[in-house]
Number of protein chains: 2
Amino acid sequence: MSVPMSLLAMLEEGPMYGLEMKHEFERRTGGVWPLNVGQVYTTLGRLERDGLVAFDGDRDGNKTYVITADGRASLEDWFGHPVQRESPSRDELVLKLLVASNAPGVDVSAVIRSERRASIEQLQQYTRLKTDSSTDADVEWMVLLDSLIFKTEAIVRWLDVSEARFASDPRHVSQPKGPMPAEPLLDQPSMPERGK
Amino acid sequence: MSVPMSLLAMLEEGPMYGLEMKHEFERRTGGVWPLNVGQVYTTLGRLERDGLVAFDGDRDGNKTYVITADGRASLEDWFGHPVQRESPSRDELVLKLLVASNAPGVDVSAVIRSERRASIEQLQQYTRLKTDSSTDADVEWMVLLDSLIFKTEAIVRWLDVSEARFASDPRHVSQPKGPMPAEPLLDQPSMPERGK
DNA sequence: TTGCATGATATACTCGGTATACAGGAGGTT
DNA sequence: AACCTCCTGTATACCGAGTATATCATGCAA
C-alpha cells in the first residue's frame, strides 16, 4: 500500500540492500506485516526508474541502494501531506450490501447479521489479543491492534445502521426480519474529543 | 474489489452483455462507484475461464453471458459467508504512522495532527453531503455515505489514541520539530458526483 | 458526403502482491 | 573428498485489480 515510501524512509538512514530492507520493514511494523521479498526488488526497480533511488554498487557482494534528492523530496511530501484524500475506494463489504439489496431473493438483513456476527467475533479476538499482550507493551503492535479494533467497531455500527435503513425502505420490505437490528453498540461512539 | 461477484449477481437475473453490466453496476451502487468497461470484459473472461459464466451467443449483435450452476453456487457462497476475515491488510495510514515513528527526524505527532485535520475536513464534507441530500432519500447513497463517515470517525479516534501512545513511549520523546509537515494543499478531496 | 458522437468490444499497460527459480556459501555427515 | 541440506541474496514469472486506449460499427447532423 505504500511500500515504496517505506523503502525510501529506510534508505534515508543509510544505504541498504534488498533483503535487508525486507527485514527492516518487518521489524518496523512490529513483525506484523510480512513483506514479500520479490516486492522489494520490483519496487526498488521502479524507484530506481523514477530516480528516487540509485544503485550504489556492491558492498560485500550485496547490491546496495541509496536515496536520491528526489527521493528525499518525495518522502518529505508523503510525511507532510495527509494521505487520506483517496476517492472513496470500493469497499468489498459495502459493495456486497449494495449488491445484495438489489438482488431479488437475497435477504439483505440475513447477510448483514452474518457479517455482524463475524465482525463481533473478530473484535473479541482482537481485544483478547490486546489484553494478552498489554504487558510487554510494543507500541507498534498496540497501534496496529487499535486500528483493527476501531475499524471493526465502525463496521459493526455501520451494519446496524444499514440494517435499519434497509428495513425501513419500501423497496426492501419483503422478508420477515429477525430480532431487530441487534443490540446497541459496545462503547461510547461520540465524536472524538481532541485530548490534551 | 469484488467486481466478479457483482457481475454474477447481475447475471443471475438474466443474460446480459458487457457494457450493460457496467451501467447496471453503477446504477446499483447509486452511481457512486464508476466501473471501467475494460474491467468488465477482463473479469468476464476470467469468470468464463473458471466456469462461473458462459458465453451465450449474440443477441442483437451484443455478446451476452449467462450464469452457470457453479456461478450460482459461488454467488450463494459469497452472500452466505461473511467476507471479513481478511488477514489484517496493509493500511497506508497505519503503515505511514509506523514508519514515521521509526524514522529519525520525523515528528510523528505532527504527522498525526496533519492527518487528523484532513480527516476532520473530510468528515465535515461527508456530513454536509448527508444533510444536503437527506430529502431525496436514496438508500444506496445513504448507506454508502454512512460507511464513509463511520470509517473516517474511526480513523480520527484511532489517530488520537495513537498520538497518546507515541507521546508516552520513551522511544518517541518528541524531538524538536523542524518545518517537517507542510500544510496540506487546498485541493479538496473529490467526492464522486452523484448520478449523471 | 463528411464528420462526429456513441455503443460495444477488446487489448495494452501499470501496480501491488505471491510464488518460485536460481546462484553461492556454510556447515555436517559418511 | 563428495554429498546433502540449509541459509542468504537476487531475480523473474505470474495473477488480479484497475486505467487508458484502440478498434469498429452505426446513427445522425451539418
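Proteins get letters first, then strands, A, B, ... in listed order; numbering begins at 1 in each. Source: prediction; values computed, not measured.
- Every residue two or more places apart in sequence or in another chain that forms a salt bridge (Lys or Arg N to Asp or Glu O under 4.0 Å) with Lys22(B) is listed here: Glu26(B).
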Which pairs would a plain distance check flag for residues 69-79 of chain B, meaning a side-chain donor or acceptor within less than 3.5 Å of a matching protein atom at least two apart in sequence or in another chain?
| unit_1 | atom_1 | unit_2 | atom_2 | d |
| --- | --- | --- | --- | --- |
| Trp78(B) | NE1 | Glu92(A) | OE2 | 3.0 |

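- Rounded to whole Å, atom C1' of dG16(C) lies 15 Å from atom CH2 of Trp33(A).
- The minimum heavy-atom distance linking Ser109(A) with Glu163(A) is given by the pair CB-OE2, 3.4 Å.
- If one axis is set at each end of the helix from dT1(C)-dA30(D) to dT30(C)-dA1(D) from five pairs, those axes are 30° apart, to 10°.
- For Glu48(A), there are no salt bridge (Lys or Arg N to Asp or Glu O under 4.0 Å) partners two or more places apart in sequence or in a different chain.
- For residues 5-26 of chain A, proximity to DNA chain C is found at no residue, defined as any non-hydrogen atom under 4.0 angstrom from a strand atom.
- Side-chain contact between Leu44(A) and Met21(A) is present, with at least one heavy-atom pair separated by less than 4.5 Å.
- Contact check, Gln39(A) against dG17(C): a side-chain N or O comes under 4.0 Å of OP1 or OP2.
- Applying the side-chain hydrogen bond (donor to acceptor under 3.5 Å, both in side chains) test to pairs two or more places apart or on separate chains, those with a residue in residues 49-60 of chain A are Asp56(A)-Arg59(A).
- Distance, Glu92(A) CD to dG18(D) P: 10 Å, rounded to whole Å.
- Contacts of Glu20(A) classified as salt bridge (Lys or Arg N to Asp or Glu O under 4.0 Å), with partners at least two apart in sequence or in another chain: none.
- For Asn36(A) and dA19(C), a side-chain-to-base donor-acceptor distance below 3.5 Å is present, hydrogens and geometry of angles not being considered.
- If you take CZ of Arg90(B) and C1' of dT18(C), they are 11 Å apart, rounded to a whole angstrom.
- Annotation: side chain to side chain contact (heavy atoms under 4.5 Å, CB included) contacts of Val143(B) (sequence neighbours excluded): Leu98(A), Trp158(A), Ser162(A), Arg165(A), Phe166(A), Val139(B).
- Interface residues of residues 40-69 of chain A facing DNA chain D, ordered by number: Tyr41(A), Thr42(A), Asn62(A), Lys63(A); criterion, heavy-atom separation under 4.0 Å.
- Every residue two or more places apart in sequence or in another chain that forms a salt bridge (Lys or Arg N to Asp or Glu O under 4.0 Å) with Arg27(B) is listed here: Glu24(B).
- For residues 43-63 of chain B, every residue pair satisfying the ring-ring contact (aromatic ring centres under 6.0 Å, His included) rule, not counting sequence neighbours, is listed here: Phe55(B)-Tyr65(B).
- Under the rule for a ring pair (Phe, Tyr, Trp, His ring centres under 6.0 Å), Phe25(A) has no partner lying at least two apart in sequence or in another chain.
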